[in-house]
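Let me begin by presenting the structure, written as structure tokens, before commenting on it.
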Amino acid sequence: MTPEEQDALKRARRGRNLALGLVLAGLVALFYAITWAKIAG
Amino acid sequence: MTATIMPTAASITVPSEWRDYFALTKPRVMSLVVFTGLCGLLAAPGHINPVLGFTAVLCIALGAGGAGALNQWWEADIDARMKRTAKRPLPGGRMERTSARDFGVALSVASVLIMGLAVNWLSAIILAVSILYYAVIYTIWLKPRTPQNIVIGGGAGAFPPLIGWVAVTGHITLMPVLLFAIIFMWTPPHFWALALFVQSDYAKAGIPMLPVVAGEATTRRQILGYAAVLFPVSLAPWWIGGVGAIYGVATLVLSGLFVALCLPVALRRSVEGDRMKPEKRLFGYSVLYLFALFTALVADRLILGQGLAA
């Protein structure tokens with residue numbers, strides 16, 4: 001693998017990990033909000 | 001994770017990015033799904049906690065995205081043969097096929113479970129049925145086998161307002177079934193207008209679209225036929241008293257124009273080098289039509305306070 005391809009791979013992996021992290025954080029926030037909504041309801 | 005380009009002998013290794021996963025969900029189709037689902041939710045009688053309402057719409061979007069990913073996983077070879085779809089992540093060689101399948105299954109299962117646990121299980125069951133309907137009945141079974149694929153497959157896109165409505169009410173009544181019927185009857189003219197001007201692409205991919213199998217004249221007649229049926233179906237919510245005059249008048253105009261735009265498509269035949277303007281105009285208007293009709297439905301409910309549990 002050339003250095004350019006390695007860089008591209010790293011960039012893609014970093015982007016995917018960041019996106020996955022944001023999705024997981026969003027799910028935590030969603031479940032927290034759902035719990036409160038259920039308790040209030 | 002890396003992917004190997006499938007159709008060519010020269011393998012190119014390209015990393016798949018988050019954008020590729022996003023593209024798998026068919027964002028443009030999803031926008032219409034989310035919109036009609038949200039409108040079904042807003043037009044339904046009763047009240048839903050805003051957080052749970054948001055969750056319901058999110059689950060509809062996730063379910064549609066999962067079904068879209070499964071569709072692209074199954075149709076990767078077909079997509080590679082069509083200009084319109086050749087640059088998608090799988091035919092473009094930016095993702096492994098199994099990654100698309102796993103992503104689709106994960107999104108689908110998560111959407112149904114969250115919908116069931118947070119909103120209600122009836123809407124979760126309908127969501128599951130809609131995903132299976134699109135991924136299995138339409139994509140795997142009907143699309144490659146029958147020129148009527150769009151007619152029955154259109155049911156998959158008709159579920160969102162029904163799911164949104166049931167998320168609020170918890171039960172199925174005539175009104176959400178009519179909303180389902182409107183999208184069901186709208187889908188054939190919408191897709192066949194597209195199929196008329198991308199006809200050669202579908203033929204090359206071996207998909208038995210109506211224009212390819214039954215010919216242009218039959219397709220044009222059927223476009224008008226479905227539009228003629230759509231006209232009374234779209235007005236039925238008004239006739240049964242489920243909505244008020246805002247929806248009624250708006251739909252009268254919108255559906256009238258829809259039929260009017262179908263007429264030139266039905267009466268003409270394409271010639272060599274035809275730019276297919278009436279067909280493209282009908283396709284463009286059909287998207288606008290659905291947005292406008294559902295906007296009128298919600299406006300009616302919010303302004304006139306209708307949306308009776310008919």
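Each chain gets a letter, A, B and so on, in the order the sequences are listed, and its residues count up from 1. Nothing here was measured: the structure is a model prediction, and the numbers come from that model.
Between A:R16 and B:E17 the shortest heavy-atom distance is CG-C, 4.0 Å. Between A:A19 and B:W18 the shortest heavy-atom distance is CB-CB, 3.8 Å.
The distance from atom CG of B:L117 to atom CD1 of A:I34, rounded to the nearest 0.5 Å, is 8.5 Å. Summarising the geometry, atom CG belonging to B:L52 is positioned 5.5 Å from atom NZ belonging to A:K38; distances are rounded to the nearest 0.5 Å.
The part of A:L27 that comes within reach of chain B is its side chain, from C-beta onward, which places non-hydrogen atoms under 4.5 angstrom from that chain. Contact annotation for B:L58: only side-chain heavy atoms (C-beta onward) come within less than 4.5 Å of a heavy atom of chain A. Heavy-atom distances place the side chain of B:F54, and not its backbone, under 4.5 Å from chain A.
Within 6.0 Å of atom CH2 in B:W74, 12 or fewer heavy atoms from other residues, nucleotides or ligands are found, so the atom counts as exposed in its surroundings. More than 12 heavy atoms of other residues, nucleotides or ligands sit less than 6.0 Å from atom CH2 of B:W121.
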